[in-house]
Structure formats: structure tokens, C-alpha cells
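A short write-up of the structure that comes next.
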Amino acid sequence: MGDAELILGQVLSFTGDPLTAGPAAARVEPQGAVLLADDRIADHGTAADLRAAWPQARITDMGDCLISAGFVDAHAHYPQTGIIASWGKRLIDWLDRYTFPEEMRFGDPEHAAAVASRYLDLLLNHGTTTVASYCSTHPASVDAFFAAARARGMRVVAGKTCMDRNAPEGLCDTATRAHDESAALIARWHGQGRATYAITPRFAPTSTPEQLEALGALWAAHPTCLMQTHLGEQTEEIEWVRALYPQARDYLDVYERAGLTGPGAVFGHAIHLTGRERQHLRDSGSSLVHCPTSNTFIGSGLFDMAGLADEGQRIGLATDTGGGSSFSMLRTMAAAYEVAQLRGQALHPAALWWLATAGAARALRLEDRIGNIATGMEADLIAVNLAATPAIAQRSARAEDMWEALFPTIMMGDDRAIAGVWVNGLRR
Ligand code: GUN
Ligand code: ZN
């Protein structure tokens with residue numbers, strides 16, 4: 001083992017899913033250590049044991065920091081970086097007024113490259129080491145994103161957003177172009193280094209049935225790709241889908257008929273669902289992604305975390321930047337907690353942290369590689385200062401256990417709490 005690094009701190013790992021199994025599925029080793037060798041986690045345990053076992057390793061002592069897997073953001077739109085926190089609209093008007101004009105600018109490869117770099121640097125500063133991002137309709141926006149991620153060593157998921165109606169002409173492709181341009185991008189990027197391609201119809205209203213069919217066929221031909229889209233976000237959107245697809249039994253059925261449900265399908269929002277939709281989501285092995293800052297910011301509704309978790313859905317957490325109002329998965333966990341409170345559900349800190357790491361990785365079918373501290377996993381880690389601001393420090397100082405010490409950082413923390421970031425084994 002060449003240049004191994006031993007990181008010391010309070011090490012958080014998961015042996016199961018605290019959302020359904022309870023907080024005992026999370027473990028904190030208070031005087032713990034994680035050994036990184038090359039791009040992998042080579043060992044973890046107590047600091048004393050690992051120091052004895054690996055005397056040659058270079059020591060990085062993070063003091064009382066929490067050492068965790070890096071955050072995984074399971075749904076975001078990097079082209080919307082510059083319009084985050086835009087005022088006063090609900091989904092459909094927000095798309096027309098802010099989003100589509102901004103996404104038009106990504107036909108310029110230099111602009112796309114500049115925003116992709118800025119966005120990924122913002123994410124790393126916030127402790128997010130993996131993101132699943134939509135790009136714009138322009139293939140160059142996908143090249144820019146994957147190239148910026150490769151330059152940073154980041155594992156990312158991304159795809160060209162496909163739209164062939166109900167969007168400005170400059171952002172529309174066709175069924176054939178969506179298929180062919182996505183296929184070329186799959187050949188160029190999918191499985192190269194740490195890149196995963198996601199076939200990305202934006203949502204049912206901006207695709208014709210022909211486009212969804214073409215993308216369903218493409219996915220069938222490339223089943224190791226993911227498929228990401230939006231589902232059941234706002235009531236007006238659902239009415240619109242009903243009018244556009246009168247034959248469909250419900251919103252999900254539009255995707256189901258096109259072959260766009262199943263393992264590796266990732267549905268953003270999934271707030272307003274029928275019983276049939278919930279059943280098919282679960283039975284098909286599809287994933288749901290909760291985007292709480294977006295759902296409150298655009299006024300979409302309250303995700304049923306406890307109900308969906310209890311029925312065995314595969315759920316991850318995400319910012320949905322720039323419908324979401326933050327780049328921070330800490331802020332996103334806080335919003336998930338608040339949304340659950342409004343539904344009478346109290347999410348434990350262990351469940352929140354799991355949703356932002358291992359749960360989001362599982363939603364993206366990457367749980368065997370990222371999202372947890374375990375031997376053999378890829379070395380994407382963060383060190384989190386649990387007393388990063390005076391306001392947080394005065395609260396965590398009187399905590400009686402680990403979760404009470406962590407919860408103020410979940411509720412009040414931001415990028416100032418991120419004391420260290422390791423991507424693919426290298427400190428940033
Ligand atoms: N539905 C379709 N497109 C979008 C988008 O860009 N953001 C959100 N929040 N919902 C969408
Ligand atoms: Zn979205």
C-alpha cells in the first residue's frame with residue numbers, strides 16, 4: 001500500500017437503513033479512523049486499532065469532526081445555478097419565466113463549461129461529492145458537465161434533457177434527435193471513469209408520446225444507464241398531464257407505457273401520487289427523490305416520507321437546484337425534517353443523514369460504491385465541524401449524545417460546517 005492516509009475523527013457509518021430500521025442502523029465511532037489507500041476506503045475502526053495496524057500511514061487528525069461519506073444529491077439542474085432563488089412563481093410559470101431562458105444559454109459550450117465548473121466547486125464546498133444533474137437540451141452542456149466532473153475526480157450522473165414540445169423552439173429537439181443525441185452521449189460518457197449517463201426526458205408535458213417511446217427504446221438498449229425525470233410535483237402539472245395524455249391511467253402510466261419505469265428509474269418530487277402509482281413505483285423497483293427546499297420554495301406540497309418509506313419505496317434526498325433554494329444537503333436535510341413535521345412525522349437525524357448519503361446513493365443504484373464508510377467503498381468523504389458557528393456551537397456544547405450534537409448542524413449548518421472533503425481518495 002503506497003501513500004495511505006489515516007483520517008481521525010468521529011466516524012459515522014451505516015449497517016442498514018435508519019429510515020425503516022431505526023437509529024441503531026447508524027454507528028458512530030467516537031474516536032474513530034478511516035484508512036484511505038488510492039481511491040478506496042481500505043479500513044475503518046477505532047483510532048487506536050488503526051494506528052497500530054497501519055503505522056506507516058500519514059495521519060490527518062480532524063479532531064472532533066464527524067467523518068462521513070460525502071453527500072449525494074440525487075436530483076439537480078446545474079444549468080439553473082444562476083437562477084437559484086428567483087422570486088414569485090409556481091412551477092409552470094417559473095419554468096417559462098426563469099428556467100427556459102437561462103437554459104437557452106447552454107448552447108454556448110464556453111458558458112456551459114464555466115457554469116459546470118462553478119457549480120461543481122460550489123457542491124464540493126458544501127460537502128457534496130456526487131450529484132445526479134439534468135443538463136440542458138444541448139449535447140455540449142452534457143460534455144461540459146462530465147468534463148468538469150472528470151477534472152475533479154467526481155462520480156456523477158447526468159444526461160441531456162429531452163423536450164420536443166411546450167418549450168421554446170431553441171430548447172426543443174425531436175423524438176429522433178433526442179434518441180440519437182442521447183445515444184451519442186452514452187457512447188461518449190457512460191461508464192467512462194466515474195460517469196453514469198441518465199436518459200433524461202424533462203417531464204411528460206414537454207415530451208410527445210413519440211419522444212418518450214424513443215427514449216424507452218434507448219433505455220432498453222442501454223439498461224445500465226439510469227433514467228431520470230419528474231413526477232407528481234404540482235397539481236396544475238398533473239392536470240396538464242391528464243389533458244395531454246387522456247389515455248393514461250395516471251401520471252406514472254405515461255412513463256410506464258413508454259418503458260420508463262423499473263430499476264434505475266429515478267423520479268424527482270413524487271408528492272401527489274395515487275395508490276396505483278405508489279404500488280407500481282415500488283413493485284417496479286423505481287426510485288423516488290425528495291426535494292424539500294424546492295417543494296416549499298415553488299409551493300408544490302409535502303412529500304409523504306414516513307408513508308412511502310414504510311411501504312418499502314427506494315427514496316433519496318436532493319436539492320433540485322435551482323427550483324430548490326440551496327446547494328447544501330445540510331439545509332436540505334433541515335427542510336426534509338420541517339416538511340415531515342408538517343405531516344406529523346419526526347425524522348431522526350440518523351435517517352436524515354442516511355437519506356443524504358447512503359439513501360441517495362441507493363436511489364441512484366450506486367450504493368455498492370458510494371454513500372457509506374465501509375471497506376472497499378470509493379473514498380469520497382467529508383469532515384463536518386459540529387460547532388462551525390457560534391449559534392451552533394452553543395447548542396451542540398450541551399448535547400448529551402451524538403445525535404443531539406449533530407442535529408444543530410443539520411438544522412443550522414451550511415458550507416461553513418464542511419471542514420474537509422476527499423474525492424476519490426484525494427483531499428480537495
Ligand atoms: N419539472 C420539469 N422541469 C422542472 C425543473 O426544472 N424543476 C422542477 N422543480 N420541476 C420541473
Ligand atoms: Zn428537477
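Order of appearance sets the numbers: ligands from 1, and atoms from 1 within every ligand.
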Residue-atom pairs from the protein, N, O or S only, that lie under 2.8 Å from the Zn ion (ligand 2): H75 NE2, H77 NE2, H230 NE2, D320 OD1

Closest approach of any protein heavy atom to atom 7 (N) of ligand 1, naming residue and atom: W94 CZ3, 3.4 Å

Closest protein heavy atom to atom 9 (N) of ligand 1, given as residue, atom name and distance to 0.1 Å: D320 OD2, 2.7 Å

Under 4.0 Å from a heavy atom of [X]: give me the atoms of ligand 1 that qualify, with their elements.
X: L91; result: 1 (N), 8 (C), 10 (N), 11 (C)
X: F203; result: 1 (N), 2 (C)
X: E233; result: 1 (N), 8 (C), 9 (N), 10 (N), 11 (C)
X: H269; result: 9 (N)
X: H77; result: 5 (C), 6 (O), 7 (N)

Salt-bridge contact [X]-[Y] (side-chain N to carboxylate O under 4.0 Å):
X: D173; Y: K160; value: yes
X: R278; Y: D304; value: yes
X: K89; Y: D93; value: no
X: E378; Y: R194; value: yes
X: R155; Y: D380; value: no
X: E367; Y: R314; value: yes

From CA spacing to verdict: ring pair (Phe, Tyr, Trp, His ring centres under 6.0 Å), W353, F71: CA-CA 9 Å; W353 207 273; F71 295 133; 5.2 Å; yes

Distance-only N or O hit between ligand 1 and R202, under 3.5 Å: yes

Q80-ligand 1 polar pair, N/O distance under 3.5 Å: yes

Check: R249 and R276 side chains under 4.5 Å, non-hydrogen atoms: yes

For ligand 1, the portion of T206 having any non-hydrogen atom under 4.0 Å away: neither

Ligand 1-proximal atoms of F297, by part, heavy-atom distance under 4.0 Å: neither

Listed once per pair and sorted, the ring-ring contact (aromatic ring centres under 6.0 Å, His included) pairs that draw on residues 134-170, sequence neighbours left out: H75-Y134, H77-Y134, Y78-F145, Y134-H230, F146-W189

Y245/Y251 aromatic ring centres below 6.0 Å: no

Heavy-atom gap E237 to ligand 1 smaller than 4.0 Å: no

Aromatic plane relationship, H290 with F303 - under 30° parallel, 30 to 60° tilted, over 60° perpendicular: parallel

W403 and H348 aromatic ring geometry - parallel, tilted or perpendicular at 30°/60° bounds: perpendicular

